[in-house]
J.: 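My questions will all concern the structure given below.
Order of appearance sets the numbers: ligands from 1, and atoms from 1 within every ligand.
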Amino acid sequence: MADARKRLAGKVAIVTGAGNGIGRAEALLLAREGAKVVVNDLGGDTKGEGADLGVAQKVVQEIQSFGGNAVANGDSVADYSAAARIIDTAIKSFGRLDILINNAGNARPRVIYNLSEEDWDAVIAVHLKGCFNMVRHAAPIMREQRSGVIINTGSESGLGHFGQANYSAAKEGIIGFTRTIARDLGRFNIRCNAIRPRALDTRLAGGEGGGVAAGEKLAQTFGQHVLGNRSMSTPLTPKAEEVAALVVWLCTDSMAGVNGRTFQIGGGEVGLWSEPELIKSSFREEGWDLDALDKDAMRNYLVGDIIEP
Ligand SMILES: NC(=O)c1ccc[n+]([C@@H]2O[C@H](COP(=O)([O-])OP(=O)(O)OC[C@H]3O[C@@H](n4cnc5c(N)ncnc54)[C@H](O)[C@@H]3O)[C@@H](O)[C@H]2O)c1
């Protein structure tokens with residue numbers, strides 16, 4: 001019998017990349033709140049190389065140790081057919097799928113003139129294509145159920161982050177993907193939101209084997225270590241558990257009707273990101289040509305206040 005006092009009693013959830021860091025914290029909290037959880041993790045290093053099912057199994061054991069219900073899966077989200085097996089694990093083990101958390105991630109930071117095609121492809125494959133793979137296989141099931149919650153993991157790196165062209169592109173792609181999935185699936189009572197988390201107690205943040213912190217070292221060397229216009233520093237140390245709290249809350253009925261949005265979490269800060277908007281525009285009946293654009297007045301109007309004196 002599901003314990004009705006728990007916020008997610010009777011729900012079935014998948015968390016990708018749940019063997020470590022933020023995903024592990026999300027899987028543990030989902031289970032504590034009564035969800036049955038598929039703990040997916042490839043079990044490789046931060047670059048995405050290698051595989052070890054033991055990483056996901058360890059988290060399953062942790063969940064079982066407090067009476068929770070979970071199964072392990074070691075497939076890669078980057079592989080379309082393997083992603084189908086992750087979804088099947090939920091259906092075969094628990095009979096339905098209510099919550100999908102796309103969290104799996106790798107990092108291969110390099111300044112653009114040193115970034116190899118392989119490092120570009122490997123990061124896009126796990127983050128961006130991984131989200132597509134998982135949502136593509138989950139969508140028909142949730143559509144038939146007429147319910148579901150999807151949470152995708154973006155990053156402030158998408159706002160602009162030195163040495164992280166592959167990661168930034170994937171992460172900002174995920175935000176655009178989220179906005180469209182929200183529109184594709186919203187009418188079936190399926191909501192899809194994204195987060196931009198901060199957590200320093202993870203492998204990726206720690207930079208083990210070339211993670212995001214390795215990118216930070218690159219950035220420091222070149223003297224630019226800001227995320228968009230936001231400083232890296234926060235008053236409190238960002239922790240994975242805090243990220244998990246927001247993610248689980250987004251899965252609850254308290255947040256019903258919230259769709260296509262991007263949230264900030266970490267270091268004591270929770271927030272809602274704006275959606276991009278056109279901040280200035282000018283209409284010309286004849287249309288714009290180079291001569292019309294190339295006038296001081298136009299330059300001053302459009303970009304005068306963002307050009308350094
Ligand atoms: N830690 C932060 O401050 C931070 C900031 C912004 C975004 N993020 C994002 O949060 C997510 C979790 O990151 P984390 O910091 O907890 O890192 P982490 O390395 O601790 O965890 C990521 C997990 O994903 C798994 N994984 C990698 N490739 C996979 C694949 N193909 N299939 C299945 N699993 C795979 C890894 O084995 C690992 O266990 C990532 O998407 C990351 O980009 C983290």
Side-chain angles (χ1 to χ4, degrees), residues 14-28 38-59 72-80 82-83 85-86 89 101-109 121-134 151-159 161 164 166-175 194-216 227-228 230 232 234 237-244 246-247 262-267 269:
I14 294 175
V15 184
T16 69
N20 289 293
I22 293 172
R24 173 180 163 273
E26 290 167 345
L28 291 173
V38 176
V39 176
N40 157 264
D41 205 291
L42 181 61
D45 64 18
T46 52
K47 290 185 171 183
E49 283 164 0
D52 177 6
L53 181 62
V55 172
Q57 282 169 335
K58 205 165 154 241
V59 177
N73 170 285
D75 283 305
S76 170
V77 298
D79 179 311
Y80 188 71
R85 289 198 296 271
I86 305 174
T89 303
I101 315 289
N102 285 313
N103 162 83
N106 58 348
R108 295 183 178 209
D121 288 345
V123 169
I124 300 290
V126 174
H127 291 274
L128 186 54
K129 185 157 184 235
C131 279
F132 161 72
N133 289 342
M134 293 300 296
I151 299 182
N152 296 326
T153 309
S155 169
E156 287 166 278
S157 292
L159 305 167
H161 194 172
Q164 300 275 3
N166 48 359
Y167 187 78
S168 301
K171 288 306 199 185
E172 223 45 17
I174 286 172
I175 303 294
I195 58 164
R196 297 189 197 264
R198 284 186 180 188
L200 285 182
D201 53 344
T202 77
R203 293 188 322 166
L204 270 191
E208 187 190 300
V212 174
E216 280 318 301
L227 299 165
R230 284 166 56 79
M232 282 296 289
T234 44
T237 301
K239 296 214 168 96
E241 272 185 16
E242 194 180 26
V243 177
L246 174 74
V247 165
T262 302
F263 295 86
Q264 180 74 26
I265 183 71
E269 181 184 48

J.: Nearest heavy atom to atom 27 (C) of ligand 1 wins, so pick from G17, G105, G154.
T.: G105
J.: Between R24 and ligand 1, which residue portion shows a heavy-atom distance shorter than 4.0 Å: side chain, backbone, both, or neither?
T.: neither
J.: Would you kindly specify which portion of R196 sits under 4.0 Å from ligand 1, judged on non-hydrogen atoms: side chain, backbone, both or neither?
T.: neither
J.: Quick one: which ligand 1 atoms are inside 4.0 Å of a heavy atom on G21?
T.: 16 (O), 20 (O)
J.: Taking both backbone and side-chain atoms of N103, is any N or O found less than 3.5 Å from an N or O belonging to ligand 1?
T.: yes
J.: What atoms of ligand 1 come closer than 4.0 angstrom to any heavy atom of G43?
T.: 37 (O)
J.: Answer yes or no: is there a side-chain heavy-atom contact under 4.5 Å between L246 and Q264?
T.: no
J.: Does a side-chain heavy-atom distance below 4.5 Å link I101 with T16?
T.: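 Answer no - side chains too far apart.
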J.: With a 4.5 Å cut-off on side-chain heavy atoms, are S155 and R196 touching?
T.: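 No; the side chains remain at least 4.5 Å from each other.
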J.: Heavy-atom distance to atom 28 (N) of ligand 1: which of V55, V126, T202 wins?
T.: V126
J.: Short question: side chain of S157, backbone of S168 - any donor-acceptor pair under 3.5 Å?
T.: no
J.: Applying a 4.0 Å heavy-atom criterion (strictly less than), which segment of L200 is in contact with ligand 1: side chain, backbone, both, or neither?
T.: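 No part of L200 comes within reach of ligand 1.
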J.: Below 3.5 angstrom, do we get any N/O pair linking N106 and ligand 1?
T.: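 In fact, backbone or side chain, N106 has no N or O that close.
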J.: Please state whether A125 comes within less than 4.0 angstrom of ligand 1, counting heavy atoms only.
T.: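 Heavy atoms of A125 never come under 4.0 Å of ligand 1.
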J.: Do any N/O atoms on N20 end up under 3.5 angstrom from N/O atoms on ligand 1?
T.: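 Yes.
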J.: Should I195 and V243 count as side-chain neighbours, where that means a heavy-atom distance under 4.5 Å?
T.: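 The answer is yes, as the side chains (C-beta and beyond) meet within the 4.5 Å cut-off.
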J.: Below 4.0 angstrom from a heavy atom of T153, which ligand 1 atoms are there? Numbered from 1 as shown, please.
T.: 9 (C), 10 (O), 11 (C), 41 (O)
J.: Do ligand 1 and K171 have nitrogen or oxygen atoms that lie under 3.5 Å from each other?
T.: yes
J.: Run the numbers for me: atoms of ligand 1, each under 4.0 Å from some heavy atom of A205, listed by number.
T.: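 Close to A205: 1 (N).
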J.: Does a side-chain N-to-carboxylate-O contact under 4.0 Å join R85 and D75?
T.: yes
J.: Do the two ring centres, one from H161 and one from Y167, sit under 6.0 Å apart?
T.: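 Distance test on ring centres: not under 6.0 Å, no.
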J.: Have a look at ligand 1 and work out which part of L204, if any, has a heavy atom under 4.0 Å from it: side chain, backbone, both or neither.
T.: both
J.: For N40, take its heavy atoms, then give the atoms of ligand 1 lying under 4.0 Å from any of them.
T.: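 Atoms satisfying the 4.0 Å criterion: 33 (C), 34 (N).
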J.: Relative to the heavy atoms of S155, which atoms of ligand 1 are at a distance of less than 4.0 Å?
T.: 6 (C), 7 (C)
J.: Ignoring angles and geometry beyond distance, decide whether V77 reaches within less than 3.5 Å of ligand 1 through its nitrogen or oxygen atoms.
T.: yes
J.: Evaluate the side-chain proximity of K239 to L200: yes if any heavy-atom separation is below 4.5 Å, no if none is.
T.: no
J.: Counting from 1, what ligand 1 atoms have a heavy atom of D75 closer than 4.0 Å?
T.: 32 (N), 33 (C)
J.: Would one find an N or O of G48, backbone or side chain, under 3.5 Å from an N or O of ligand 1?
T.: no
J.: Between T46 and L204 (side chain of the first, backbone of the second, donor and acceptor by atom type, cut-off under 3.5 Å), is there such a pair?
T.: no
J.: Can a donor-acceptor pair be found, under 3.5 Å and without considering hydrogens, that links the side chain of K171 to the backbone of T153?
T.: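 Checked: pair present.
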J.: Using a 4.0 Å cutoff against the non-hydrogen atoms of P197, which atoms of ligand 1 qualify?
T.: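 Per the distance check, 4 (C), 5 (C), 6 (C), 7 (C), 8 (N).
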J.: So M134 and I14, do their side chains get closer than 4.5 Å, heavy atoms only?
T.: yes
J.: Does E156 have a non-hydrogen atom less than 4.0 Å from ligand 1?
T.: no
J.: So is there a nitrogen or oxygen of Y167 less than 3.5 Å from a nitrogen or oxygen in ligand 1?
T.: yes
J.: Looking only at atom types and distance, does a side-chain atom of E242 sit under 3.5 Å from a main-chain N or O of G267, one as donor and one as acceptor?
T.: yes
J.: Determine, for E49 against R108, whether the closest basic-nitrogen to carboxylate-oxygen distance falls under 4.0 angstrom.
T.: yes
J.: Classify the angle between the aromatic ring planes of F132 and Y80 as parallel (below 30°), tilted (30 to 60°) or perpendicular (above 60°).
T.: parallel
J.: At under 4.0 Å between heavy atoms, is it the side chain or the backbone of R203 that contacts ligand 1, or both, or neither?
T.: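 Contact part for R203 vs ligand 1: both backbone and side chain.
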